[in-house]
Amino acid sequence: MKFGWLEVAALASASVASANPLAYSPPYYPSPWMTGEGDWSEAYKRAVDFVSNLTLAEKVNLTTGAGWEQERCVGETGGIPRLGMWGMCMQDSPLGVRDSDYNSGFPAGVNVAATWDKRLAYQRGMAMGEEHRDKGVDVQLGPVAGPIGKYPDGGRNWEGFAPDPVLTGVMMAETIKGMQDAGVIACAKHYIGNEQEHFRQSGEAQGYGYNISQSVSSNIDDKTMHELYLWPFVDAIRAGVGSIMCSYNQINNSYGCANSYTLNKLLKGELGFQGFVMSDWGAHHSGVESALAGLDMSMPGDVYLGSPYSYWGTNLTISVLNGTVPEWRVDDMAVRIMAAYYKVGRDRFRTPPNFSSWTRDEYGFEHFIVSENYVKLNERVNVQRDHAQVIRKIGSDSTVLLKNQRGALPLTHDEKFIAILGEDAGSNAYGANGCSDRGCDNGTLAMGWGSGTANFPYLITPEQAIQNEVLDYSNGQTNVFAVTDNWALTEMAALASQASVALVFVNADSGEGYINVDGNEGDRKNLTLWKNGEEVIKTATQNCNNTIVVIHSTAAVLISDWYDNDNITAILWAGLPGQESGRSLVDVLYGRINPGGKTPFTWGKTRKDYGPAILTVPNNGDGAPQDNFDDGVFIDYRRFDKDNTEPIYEFGYGLSYTSFEFSDLKVTPLTPTPYNPTTGKSDKAPVLGEAESASDNLYPEGLHRVTQYLYPWLNSTDLRASSGDPDYGMDSKDYLPEGATDGSPQDLLPASGQDGGNPGLFEDLFQVTATITNTGSVTGDEVPQLYVSLGGEDDPAKVLRQFDRVTIAPGQLVQWTTTLTRRDLSNWDVASQNWVISDAQKTVHVGNSSRKLPLSAALPSVQ
Ligand SMILES: *[C@@H]1O[C@H](CO)[C@@H](O)[C@H](O)[C@H]1NC(C)=O
Ligand SMILES: *[C@@H]1O[C@H](CO)[C@@H](O)[C@H](O)[C@H]1NC(C)=O
Ligand SMILES: *[C@@H]1O[C@H](CO)[C@@H](O)[C@H](O)[C@H]1NC(C)=O
Ligand SMILES: *[C@@H]1O[C@H](CO)[C@@H](O)[C@H](O)[C@H]1NC(C)=O
Ligand SMILES: *[C@@H]1O[C@H](CO)[C@@H](O)[C@H](O)[C@H]1NC(C)=O
Ligand SMILES: *[C@@H]1O[C@H](CO)[C@@H](O)[C@H](O)[C@H]1NC(C)=O
Ligand SMILES: *[C@@H]1O[C@H](CO)[C@@H](O)[C@H](O)[C@H]1NC(C)=O
Ligand SMILES: *[C@@H]1O[C@H](CO)[C@@H](O)[C@H](O)[C@H]1NC(C)=O
Ligand SMILES: *[C@@H]1O[C@H](CO)[C@@H](O)[C@H](O)[C@H]1NC(C)=O
Ligand SMILES: *[C@@H]1O[C@H](CO)[C@@H](O)[C@H](O)[C@H]1NC(C)=O
Ligand SMILES: *[C@@H]1O[C@H](CO)[C@@H](O)[C@H](O)[C@H]1NC(C)=O
């Protein structure tokens, strides 16, 4: 693994002989250096200034974590004590500060997507950023666009947004802006093709009894990469994201954190990414190779979690001294890290971390893993502010009303008898944080499991909120009871048969691969409800003709068996709403908030309808399982459209307590400048330091070494001995990839130009307007959605391109105006390695779901 390019070369020659060659990732070197494009220019200048003043060991310190559980945060780099700078703190998660206390538990990304509300995405990003900032975090590890959701049963889909690149891309961008405006660095992850939990790491897979020696390879063709998986990362880069996390999986049989094609070519070359690339925890598998392939920071620094050694740290210093990694490459790593730091204002906002990820005790060991230095660890700083408000609002605004018959909703305060049925309505008998990293499905579901979680400060259950509502407003006129044992069907039946309304709560959970909950190794093993959910629903419907089903789930569940039962008068999907779960729901149930959420994924009749299954059986001996992304860009609604499969509820669908009409579509051509492929060359790589020798980099005399701590220094001037690597020197210069150390000016890629790619891609070509009328009797929110048919034979029937969320009073009309960019109308052309607008006739469609598109217009052709 260490000499991945040798393996790749071997694979390439093997592929000549083999009829069924393994996918191969072409080399791309050298690693593009930062240039200070656009918004980055000021931060770049300051970073260059700062880094110019550093020694080699100081630069290396910025690039390498101190080791697993060596400092307070889930990952922390070395510092630069000479300049009064402590190490940089990386902390999970995409929905709040993980492993801490007195912090908020925000709604998951999938709920943000379900709001279709850019402002709420920004506000949540800002609120989460403030909490991380106030806890002393430098980099919040989120948001997520990988997985995007190729598989409906993918364990971590909920951490991200939606299986659509535009909805995900817009929410990524708004979240990042919010987080970085609050003064912390965002980290867009997991780059790229990280679509399933099974086999993402060989060690984890072995723990489950799969005998594999390498991570799964996501084999993705260039067009699919650009048109689907890379798309939201473009939006993240355009939003100025400071860091990107490379993923555990391989792409075309080359590891995510050492893949020169995805990191050097796509990310830093074509997209001009100016920030830094950090490894996922344990996704770093090589020293020199990953440095040359574009990795900038090793997390948490050690060879494996808890190892006293590192591929970088001392080894990175040595590889500069022995000439395999050029000085400019390490300078570039440090400049990228410091530029992100200045860009978001870390120099103004910084406080030292005031909590520990490893214990909730007030006092404990600073170097937790080696039990050294007993200090006050947790200062228990409350960072929640008034964030409960935005949490409650997102919870309500993300609730999707899937069915509502016979005026079942909203409820009134005259209800005679309310039966609350289902464990998912109640609390976890172990406490809301009772299962570490939410690794169980006890009580109401308000977050998935894994590292993408935060501790709750409290969790308002649906049962609690409904009881409170009744007590506060029903003057003792309403009876209300709950049965929260999902196997107490007799008791449920007795209650349901007396009820004027039965509120049934069911769920389906999923999470990260290192935790197995009820046989689900991260990914879900089925798409059905958990914990006897179907039987609970059946018990209610057999006994109550006004059954309302509320679903908390990480993604789609199969509802075919019951959704159309006449006794089910309403169905709500509430996703993973976070700490205010019950209150958010009650606001919708009682009509204080008119539901306007739209489902951010398709509800199919069977699992088969979604396309290929997750790879759960190794298919390449003990080598890397091969996950061929043969479905191309056809995931979720694009797959249903292609196969002409009728879903139950389509992507973008959701009801309201009022009704809307769409009319008056107008398309106005604008006058963009012609599209120009970028040409020319970059500047040469800046070199910011003096050449140093081994003797300049020895451990300082008298230094007190923390046990196992990863320092940048050498034991002796003997480089081989200081490395301790039995394979030291095997990558002598002949084996370095061609051009990998070349710091001379390099050709620019045609689709490049500024951060995010060629600026011509983001020019507006058309303005589109439509009118939306509220034809009902209450104020409500509608989500106008614009889809484009690109018209080519290989194109999806339609793709989402623009959307918004607007509030409209009864009888009121709103004119919605949006634009289409060149990117919105282009396909990726593999031959020219650029975006092109095909000759095929293109059509725009506007409406309020992917299958309710009453307005259409042909687009005039574009030169
Ligand atoms: C993977 O291989 C496909 C097929 O050759 C190619 O189109 C694509 O660009 C490759 N991607 C990477 C990241 O190597
Ligand atoms: C560089 O270091 C010197 C002293 O070591 C200090 O005076 C100077 O301000 C530093 N410059 C920067 C940009 O940090
Ligand atoms: C590297 O970081 C560690 C931890 O902050 C610190 O003890 C050490 O002095 C740093 N080394 C250099 C060269 O600054
Ligand atoms: C795992 O695979 C290796 C290599 O093929 C083999 O030597 C070993 O016996 C296998 N282990 C198990 C437990 O099957
Ligand atoms: C250097 O890296 C090699 C793996 O490439 C590892 O075996 C060795 O322990 C590392 N050395 C140090 C000092 O971390
Ligand atoms: C809580 O979750 C654990 C872990 O999944 C499970 O073993 C236990 O039965 C659950 N307890 C209750 C009361 O639901
Ligand atoms: C699907 O998985 C859930 C969670 O493990 C389990 O409760 C349920 O029984 C499974 N469904 C079927 C049909 O096996
Ligand atoms: C609907 O509910 C009523 C009780 O109100 C019950 O008699 C009837 O059998 C139920 N229908 C179905 C299809 O379960
Ligand atoms: C349920 O059945 C009762 C009694 O037949 C009837 O009065 C009521 O309208 C029904 N409710 C619904 C929502 O159909
Ligand atoms: C460097 O020295 C330390 C302290 O003596 C020792 O623990 C470590 O193993 C040495 N590193 C290598 C690579 O030999
Ligand atoms: C240079 O140093 C690195 C880090 O210890 C080592 O992996 C590599 O094999 C060395 N290369 C040469 C040519 O000495």
Side-chain angles (χ1 to χ4, degrees), residues 4-5 8 11-12 15 21-28 191-193 217-230 246-247 249-267 269-270 287 293-294 303 307-311 313-315 317-318 370 403-409 411 415-417 496-502 540-541 543-548 565-570 626-630 632 697-699 703-726 728 828-831 833:
W5 56 78
V8 161
L11 282 173
S15 73
L22 294 183
Y24 160 73
S25 198
Y28 188 89
Y191 185 78
I192 193 171
S217 177
S218 297
N219 302 328
I220 311 177
D221 70 85
D222 196 30
K223 184 167 148 73
T224 300
M225 178 64 93
H226 280 86
E227 294 184 4
L228 180 57
Y229 296 99
L230 193 59
C246 50
S247 56
N249 58 288
Q250 308 192 61
I251 304 96
N252 289 8
N253 295 294
S254 169
Y255 272 97
C257 294
N259 186 314
S260 65
Y261 198 91
T262 54
L263 300 179
N264 287 344
K265 183 172 190 197
L266 298 179
L267 197 59
E270 184 179 320
V303 165
S307 156
Y309 298 111
S310 178
Y311 290 112
T314 302
N315 271 320
T317 307
I318 293 173
V370 291
K403 178 177 180 179
N404 189 17
Q405 288 178 354
R406 304 200 288 278
L409 288 176
L411 300 176
E415 205 61 60
K416 284 184 98 69
F417 192 119
S497 64
Q498 302 170 67
S500 57
V501 60
T541 55
N543 292 284
C544 177
N545 67 352
N546 189 21
T547 297
I548 294 177
N565 183 311
D566 262 352
N567 282 354
I568 296 182
T569 48
Q626 300 295 305
D627 191 6
N628 296 322
F629 283 29
D630 291 334
N697 286 283
L698 297 178
Y699 272 93
L703 176 83
H704 167 72
R705 288 202 208 182
V706 175
T707 308
Q708 291 199 22
Y709 205 90
L710 302 175
Y711 294 100
W713 292 299
L714 279 54
N715 275 355
S716 77
T717 53
D718 179 339
L719 299 184
R720 172 187 293 269
S722 297
S723 161
D725 183 353
Y728 183 86
W828 180 253
D829 181 54
V830 175
Q833 287 290 293

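If you're wondering where the values come from, they're calculated on a predicted model, not measured in any experiment. Ligands are counted one by one from 1 in listed order, and the atoms in each one are counted from 1 as well.
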Quiz prompt | Listed partners of Lys223 passing salt bridge (charged side-chain N to carboxylate O under 4.0 Å, His left out), at least two apart | solution = Glu227
Quiz item: Would you call Tyr309 a ligand 10 contact, heavy-atom distance under 4.0 Å?
Solution: yes
Practice problem: Could you tell me whether Pro308 approaches ligand 10 through its side chain, its backbone, both or neither, with non-hydrogen atoms closer than 4.0 Å? | Solution: neither
At less than 4.0 angstrom from any non-hydrogen atom of [X], what atoms of ligand 1 do you find?
X: Pro26; answer: 14 (O)
X: Asn252; answer: 1 (C), 2 (O), 3 (C), 8 (C), 10 (C), 11 (N), 12 (C), 14 (O)
X: Tyr24; answer: 1 (C), 2 (O), 14 (O)

Quiz item: Does NZ or CZ of Arg705 fall inside the cone over Tyr699's six-membered ring, less than 6.0 Å from its centre and within 45° of the axis?
Solution: yes
Self-check item: Worked check of side chain to side chain contact (heavy atoms under 4.5 Å, CB included) between Gln250 and Asn219
Solution: CA-CA 8 Å; Gln250 308 192 61; Asn219 302 328; over 6 Å; no
Strictly by modelled atom types, are [X] and [Y] linked by a side-chain donor-acceptor pair under 3.5 Å?
X: Asp718; Y: Ser716; value: no
X: Gln833; Y: Lys265; value: yes
X: Ser218; Y: Asp627; value: no
X: Gln405; Y: Thr569; value: no
X: Thr317; Y: Asn697; value: no

Quiz item: Does an N or O anywhere in Ser25 fall below 3.5 Å from an N or O of ligand 1?
Solution: yes
Quiz item: Looking only at N/O atoms, are Thr262 and ligand 1 under 3.5 Å apart anywhere?
Solution: no
Practice problem: Could you establish whether Ala23 and ligand 1 come within less than 4.0 Å of each other, counting only heavy atoms on the residue side? | Solution: no
Quiz item: Are the side chain of Asp221 and the backbone N or O of Gly632 linked by a donor-acceptor pair below 3.5 Å?
Solution: no
Quiz item: Would you say Asn567's side chain and Thr547's backbone share a donor-acceptor pair under 3.5 angstrom?
Solution: no
Self-check item: Listed partners of Phe417 passing ring pair (Phe, Tyr, Trp, His ring centres under 6.0 Å), at least two apart
Solution: Phe481
Exercise. Applying ring pair (Phe, Tyr, Trp, His ring centres under 6.0 Å), name anything that partners Tyr261, two or more places apart in sequence or on another chain.
Key: none
Exercise. Check each atom of ligand 10 against the heavy atoms of Ser722 and keep those under 4.0 Å away; list them by number with element.
Key: 13 (C)
Quiz item: Asn715 to ligand 10: N or O pair under 3.5 Å?
Solution: yes
Practice problem: Heavy-atom distances under 4.0 Å are what count here, so tell me which part of Ile251 touches ligand 1: side chain, backbone, both or neither. | Solution: side chain
Quiz item: Under a 4.0 Å heavy-atom limit, does Ile220 contact ligand 1 with its side chain, its backbone, both, or neither?
Solution: backbone
Exercise. Could you please provide the protein residues found below 4.0 Å of ligand 9 on a heavy-atom basis, arranged by chain and number?
Key: Arg406, Asn545
